[in-house]
Amino acid sequence: MTGSTLLSTHELKARYGDFQALYGIDFNIAEGEVVALIGANGAGKSTLLKSIMGLLRVAPDMVRLDDRPVGGSQPHRMVSHGVAIVPEGRRLFSGMSVVDNLRVALDHAVPRQGELWTIERIFALFPILKEKQAAPVQSLSGGQQQMVAIGRALLNQPRLLLCDEISLGLAPKVVREIYQSIPSISKNGTAIVLVEQDVGLARSASDRLYCMLEGRVTLTGRSADVSRETIGEAYFGASHAVA
Ligand SMILES: Nc1ncnc2c1ncn2[C@@H]1O[C@H](COP(=O)(O)OP(=O)(O)O)[C@@H](O)[C@H]1O
Ligand SMILES: [Mg+2]
């Protein structure tokens, strides 16, 4: 079930030097909600996640958590506020074992109330990781590495989990396996943002979706309600929409 607003962005603008990547993004997510963020390559999806996570500088009021300004906080502060990211490209310690990659996150875990994620719970979520726990991460398949990356983020005990294209480059069967874990993650009230290029997958896995195009939100709505045509226009721009 979803609750009150957990995190919101307000007229969020972000730049890389002279290049403006985001032009005033209004985004929000409630406790326990799964929100998909779709859009073509270069739309600004990763930039929005990085801005929320404190990996890009933004003004304090542009990001609010529990209605308090947190924009521009350092990433480790955002982790202690309960925001974790599964970054693009996973960024694991590839020479280290599965369990050691997970332990690293435990070392940085923040005290939190409620049911906490443990390594055992990660193994219950992704049983293959238990079998491979002693293996170096680099010997795992791409899908299994993605599971380690998700597990590591969960061990930060997030209230909000930001996932950047976790299905990218994976076989459909593995993608299904990973997406099947989403409901068990959100059922404890953890909110999840899914950046996803596969629109069908994004829709079926989420409560609501946002579509971005060239640094702006072009569509937002309940995932079950928005039509394919509407998404097509928002995704490519009205001028490119297929009749
Ligand atoms: N480090 C960077 N330096 C300069 N421009 C960047 C950088 N990262 C992304 N961009 C640009 O910002 C825009 C949005 O990128 P990004 O957020 O990565 O899009 P998406 O994740 O939707 O594919 C793109 O035009 C991209 O080229
Ligand atoms: Mg991206």
Side-chain angles (χ1 to χ4, degrees), residues 7-29 34-59 62-63 70-75 78-79 83-92 142-143 145-150 152-153 158 160-170 174-175 178-179 182 191-203 205-206 208-221 223 226 228 230-241:
L7 180 130
S8 53
T9 73
H10 304 266
E11 282 292 305
L12 188 150
K13 298 172 187 71
R15 3 181 21 104
Y16 297 101
D18 288 342
F19 176 74
Q20 185 160 0
L22 298 179
Y23 292 88
I25 304 292
D26 292 313
F27 171 92
N28 65 76
I29 183 163
V34 181
V35 172
L37 189 55
I38 61 173
N41 233 336
K45 306 178 298 297
S46 296
T47 302
L48 179 56
L49 296 196
K50 286 190 262 178
S51 302
I52 291 171
M53 199 63 214
L55 293 160
L56 282 177
R57 267 190 84 89
V58 296
M62 288 182 182
V63 185
V70 294
S73 304
Q74 295 282 324
M78 291 310 293
V79 171
V83 185
I85 190 165
V86 183
E88 225 172 344
R90 309 193 271 266
R91 311 245 183 91
L92 298 165
Q145 291 188 22
Q146 196 60 272
M147 293 170 192
V148 178
I150 295 168
R152 181 184 57 181
L160 173 62
L161 180 67
L162 308 173
C163 299
D164 201 347
E165 303 213 26
I166 49 175
S167 73
L168 195 70
L170 304 181
V174 185
V175 172
I178 288 178
Y179 267 77
I182 302 286
I192 305 177
V193 180
L194 295 172
V195 167
E196 185 51 67
Q197 289 219 22
D198 182 329
V199 175
L201 187 63
R203 269 182 83 182
S206 60
R208 273 191 310 129
L209 62 77
Y210 287 79
C211 182
M212 290 177 68
L213 174 69
E214 294 172 355
R216 293 182 169 86
V217 170
T218 48
L219 172 70
T220 173
S223 305
V226 285
R228 281 184 57 179
T230 316
I231 293 179
E233 282 181 24
Y235 198 97
F236 297 108
S239 57
H240 295 87

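Computed over heavy atoms, backbone and side chain alike; hydrogens, waters and symmetry mates excluded. We count ligands from 1, going down the list as the structure has it; atoms in each ligand are counted the same way.
Counting only distance, with no hydrogens or angles, the side chain of Thr218 and the backbone of Cys211 share a donor-acceptor pair below 3.5 Å. Side-chain N or O atoms of Thr9 include one that pairs as donor or acceptor with a backbone N or O of Phe27 at under 3.5 Å. Put simply, the side chain of Arg208 never gets that close to the backbone of Val35: no donor and acceptor are under 3.5 Å apart. In this structure a side-chain-to-backbone donor-acceptor pair under 3.5 Å is present from Lys45 to Gly39.
When each of Val34, Ile150, Leu161 is tested with Ile182 by the rule side chain to side chain contact (heavy atoms under 4.5 Å, CB included), just one qualifies, namely Val34. When each of Leu194, Leu49, Val193, Leu48 is paired with Asp164, the side chain to side chain contact (heavy atoms under 4.5 Å, CB included) condition holds for Leu49 and for no other.
Less than 4.0 angstrom separates atom 26 (C) of ligand 1 from none of the non-hydrogen atoms of the protein. Protein non-hydrogen atoms do reach within 4.0 Å of atom 19 (O) of ligand 1.
For atom 16 (P) of ligand 1, the nearest protein heavy atom (residue, atom name, distance) is Thr47 OG1, 3.6 Å. Distance from atom 24 (C) of ligand 1 to its nearest protein heavy atom, with residue and atom name: Gly42 O, 3.6 Å. From the protein, the heavy atom lying nearest to atom 8 (N) of ligand 1 is Tyr16 CZ, 3.3 Å.
Scanning for side-chain hydrogen bond (donor to acceptor under 3.5 Å, both in side chains) contacts around Glu196 gives Ser167, Tyr179, with sequence neighbours left out.
In this structure, Lys13 pairs ionically with Glu11, as a charged nitrogen and a carboxylate oxygen lie closer than 4.0 Å.
Here Asn41 does not reach the Mg ion (ligand 2): none of its N/O/S atoms is less than 2.8 Å from the metal.
At least one N or O atom of Lys45 sits closer than 3.5 Å to an N or O atom of ligand 1. When only interatomic distances are considered, the shortest N/O to N/O separation between Glu165 and ligand 1 does not fall below 3.5 Å. Checked against a 3.5 angstrom limit, the closest N/O atoms of Lys50 and ligand 1 fall outside it. Here's the thing with Ala21: none of its N/O atoms is less than 3.5 angstrom from an N/O atom of ligand 1.
Below 4.0 Å from some heavy atom of Asn41 lie the following atoms of ligand 1, by number and element: 23 (O). Close approach of ligand 1 to Phe19 is summarised as follows: ligand atoms under 4.0 Å from at least one heavy atom of the residue are 11 (C), 12 (O), 13 (C), 25 (O). Those atoms of ligand 1 with a heavy atom of Ala40 less than 4.0 angstrom away are 22 (O). Listed by atom number, the atoms of ligand 1 under 4.0 Å from Ala43 heavy atoms are 19 (O), 20 (P), 22 (O).
Using 4.0 Å as the threshold, Gly215 has no heavy atom nearer than that to any atom of ligand 1. Distances shorter than 4.0 angstrom occur between a heavy atom of Gly44 and an atom of ligand 1.
With a 6.0 Å radius and a threshold of 12 heavy atoms from other residues, nucleotides or ligands, Arg91 has its CZ atom at or below the threshold. By the 6.0 Å contact criterion, CD on Glu214 is open, its count of non-hydrogen atoms from other residues, nucleotides or ligands being 12 or less.
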